[in-house]
Protein chains: 2
Amino acid sequence: MADGKTKRAEHRAARVKLSDVAAASGVHYSTVSRVLRPGAKGRISDDVAERVRSVAKELGYHPNSIAASLRTQSTRSIGLIVHDMNDPVYPPILSGIEDALSPQGFAVLVSNTGYDLNVELDIVNRMAARLVDGIFLATTRLQDPVVERCQELGIPLVSVLRQTEQETSPAVVNDCYGGMRVMTEHVLASGFRDIAVILAPQYLSTARERWHGIKDTLDQAGVALPDHRIVAVPRMSVKEGKRATETLLTAGESRPDVIICVNDLVAIGAIRACREVGLSIPSDVSITGYNDIPLLDMINPALTTVRMQLHEIGKAAGQVMLAQFEGQPVTPMTQRVGCALLVRGSLGQKSESQPT
Amino acid sequence: MADGKTKRAEHRAARVKLSDVAAASGVHYSTVSRVLRPGAKGRISDDVAERVRSVAKELGYHPNSIAASLRTQSTRSIGLIVHDMNDPVYPPILSGIEDALSPQGFAVLVSNTGYDLNVELDIVNRMAARLVDGIFLATTRLQDPVVERCQELGIPLVSVLRQTEQETSPAVVNDCYGGMRVMTEHVLASGFRDIAVILAPQYLSTARERWHGIKDTLDQAGVALPDHRIVAVPRMSVKEGKRATETLLTAGESRPDVIICVNDLVAIGAIRACREVGLSIPSDVSITGYNDIPLLDMINPALTTVRMQLHEIGKAAGQVMLAQFEGQPVTPMTQRVGCALLVRGSLGQKSESQPT
DNA sequence: TTGTATGCGTTATCAT
DNA sequence: ATGATAACGCATACAA
């Protein structure tokens with residue numbers, strides 16, 4: 001019946017620990033501990049070390065990291081909090097983090113908030129109870145109670161993708177302002193002047209930076225962006241992008257020539273909306289995204305977007321975390337990783353129009 | 001300098017524990033433990049319980065789960081081992097697992113193997129050292145040393161997506177045989193007779209079941225499948241799918257009418273390969289996939305595929321794990337979740353051909 | 001170089 | 001109903 005449980009218990013009971021190795025080696029278990037853990041102070045004679053090591057291997061000794069954690073107050077585990085792993089921006093970040101931390105023996109606890117702040121705070125509390133050594137927060141808001149909570153708890157924190165207004169914790173982000181400037185400049189260079197934008201909530205640094213990148217570029221070029229050409233989505237999803245586009249297409253007396261979307265999923269939604277009403281892209285309306293999630297080059301038309309270095313962002317975040325563990329000063333507080341414009345079919349050219 | 005560390009240490013030192021609550025409540029800490037932990041045996045007087053509880057809240061007591069784990073030999077954490085989270089089939093599985101286990105207070109440790117067996121065994125050892133309560137294995141092979149290792153270690157295991165030959169551990173999988181039968185029947189019903197297939201390594205139950213689904217259906221229909229119409233990829237990726245398709249298109253004297261791909265990523269690769277040599281889909285060659293990863297309906301042409309219920313598979317796996325923890329007998333050993341054919345543009349019709 | 005002893009914060013088994 | 005106490009397995013200051 002409770003076979004698994006029983007076997008588990010058996011195993012547990014049979015599990016070889018330091019004292020077992022010590023007994024079999026004829027030394028005290030503290031000696032075994034020193035031998036097996038490189039970096040333990042106090043040197044050991046070579047013959048003892050060798051004997052202990054071979055006995056340990058023979059017996060199949062594996063340290064119980066829970067016990068070690070209780071003693072050292074370090075679990076060598078870190079949390080990664082994201083809105084939803086199903087958003088394709090997150091898996092590469094996880095990979096990057098693993099690349100940086102796995103070799104150091106860290107494990108990654110992944111939690112999805114489902115976009116719910118209370119869930120998120122709860123997750124932090126639970127991770128704190130588990131004594132995670134640090135937390136990667138991919139949900140960081142410009143004013144963020146979660147960041148504050150982590151600081152109250154004294155948990156080392158590294159924000160990924162986003163940063164707080166006051167840059168209150170180390171963060172590794174994409175240069176969204178620069179990326180969106182380049183994108184917008186390219187849109188202008190392609191001849192477009194009647195531009196619409198789909199923005200995301202401005203409490204996210206990514207969304208705000210991208211918006212400023214657009215706005216500044218347009219302002220400097222003297223291109224107007226009327227209110228009815230601006231829509232904000234509550235969430236960067238396909239569904240919301242579609243809905244926002246429907247709004248855009250029916251607002252004002254004419255439709256815009258191009259829609260600059262805050263990210264790829266929203267842009268996908270925009271494409272869907274256009275298709276549904278029979279608009280062809282890019283001849284009727286051009287569309288741009290941001291992120292370069294997979295398969296974007298396969299859709300019709302291929303989406304013009306900005307390629308973020310998500311894996312690198314994750315990896316850099318991991319390295320910042322390690323530096324923090326070692327007490328190194330974090331500088332700069334916000335590390336920006338570059339990105340690149342990818343021009344593809346979804347952005348056309350406004351050839352027939354002449355500036356007045 | 002080591003500000004984070006110092007603060008952390010401060011916090012750690014300041015962390016309120018059972019004995020603090022006990023002192024402030026004027027009771028013994030074992031009493032506090034009983035009060036705070038529902039399910040502790042021995043009843044407590046209401047007034048004491050209330051007092052302790054309020055003091056605990058006031059002091060901001062949070063149990064140290066590491067200490068509890070050392071004592072109970074249960075960490076309420078479980079591992080999820082996948083080849084690579086960047087494969088879009090895994091995130092929904094993670095979500096499903098979280099849905100099932102998060103409410104029960106479990107945390108999920110995610111690890112990518114990078115398709116490396118040695119890495120995978122190492123991950124298992126490390127998870128064992130962390131005393132995870134169980135492991136979800138998404139990499140299960142028909143003969144699997146990793147499964148054996150988990151069993152040696154006495155770690156409760158639930159396979160997801162795949163199963164071993166002897167069904168040696170509980171598993172929740174897709175009905176790949178049935179799904180691929182339906183797909184193949186539809187291909188036949190669409191008039192195709194010159195069929196090619198791209199298979200995956202047969203040490204994976206998914207790959208083998210899908211292959212049998214194809215083969216049995218063709219055999220029963222009396223449709224031949226010559227060797228030069230069969231290619232196996234070493235990995236189910238876009239890159240390998242593309243390469244395999246290039247092989248298929250140049251093998252034999254003519255090209256096949258349709259390519260049945262073992263999964264979506266491979267099918268994407270197939271589409272790429274066809275595009276590169278100027279073949280149009282589906283008029284020159286039809287292509288089918290399997291999985292229904294996101295955005296497949298956006299590509300040109302939209303990919304005909306089989307929709308798996310990945311989230312449900314993850315959730316069911318979580319429930320199986322919970323049942324196992326409670327010592328309930330697992331039955332059946334392999335739970336199969338249904339799937340549905342999605343017919344889209346990438347599969348055409350062979351109208352002109354007349355059966356001889 | 002190695003052994004001794006204590007504590008990490010709980011849970012659980014004794015008493016009382 | 002509550003208190004005392006012994007593990008859990010390891011790390012480490014201190015002794016030898």
Could you check how far [atom1] of [X] sits from [atom2] of [N], rounded to whole Å?
X	N	atom1	atom2	result
A:L131	C:dT10	CG	C1'	12 Å
B:D20	C:dG9	CG	C1'	10 Å
B:I66	C:dC8	CD1	C1'	11 Å
A:K17	D:dA7	NZ	P	11 Å
B:L36	C:dG9	CG	C1'	13 Å
B:L70	C:dA12	CG	C1'	13 Å

Within the structure, does a side-chain N or O atom of [X] lie under 4.0 Å from either OP1 or OP2 of [N]?
X	N	value
B:Q73	D:dG9	yes
B:H28	D:dA4	yes
A:S33	D:dC10	no
B:R37	C:dA12	yes

request  = Salt-bridge test for A:E50 and A:R53: reply yes if a basic N is under 4.0 Å from a carboxylate O, no otherwise.
outcome  =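 Here A:E50 does not pair with A:R53 in a salt bridge, since their nearest N and O are not under 4.0 Å apart.
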task = Assess the side chains of A:E120 and A:T139: does a donor N or O sit below 3.5 Å from an acceptor N or O?
result =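 Yes, because at least one side-chain N or O of A:E120 sits under 3.5 Å from a partner of the opposite role on A:T139.
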request  = Tell me yes or no: between the side chains of A:N86 and B:H311, is some donor less than 3.5 Å from an acceptor?
outcome  =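 Looking only at side-chain atoms, B:H311 and A:N86 do not form any donor-acceptor pair under 3.5 Å.
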Using a distance-only criterion (donor-acceptor N/O pair, under 3.5 Å, no hydrogens), is the base of [N] paired with the side chain of [X]?
X	N	value
A:Y29	D:dA11	yes
B:R34	D:dG3	yes
B:R71	D:dA7	yes

Distance-minimising heavy-atom pair for B:I313 and B:V173 =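 The answer is CD1-C, 4.1 Å.
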inquiry  = Among D:dT2, C:dT11, C:dG9, which nucleotide has an atom closest to any side-chain atom of B:N64?
reply    =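 Of the options given, the side chain of B:N64 lies nearest C:dG9.
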inquiry  = From the set D:dC10, D:dT5, C:dG9, return the single nucleotide nearest to any side-chain atom of B:S30.
reply    =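 Out of D:dC10, D:dT5, C:dG9, the nucleotide with an atom closest to B:S30's side chain is D:dT5.
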ask   = Can you check whether A:T168's main-chain N or O pairs, donor with acceptor, with A:T164's side chain at less than 3.5 Å?
value =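 Here the side-chain-to-backbone pair exists.
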key: Sugar-phosphate only, base, or nothing, as touched by A:S45 at under 4.0 Å among non-hydrogen atoms   =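 It contacts sugar-phosphate atoms only.
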key: Sugar-phosphate only, base, or nothing, as touched by B:L18 at under 4.0 Å among non-hydrogen atoms   =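 B:L18: base contact, heavy atoms under 4.0 Å.
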message = Quick check on DNA chain D: between B:A67 and B:G26, whose nearest nucleotide comes earlier from the 5' end?
response =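 Its nearest nucleotide being more 5', the pick is B:G26.
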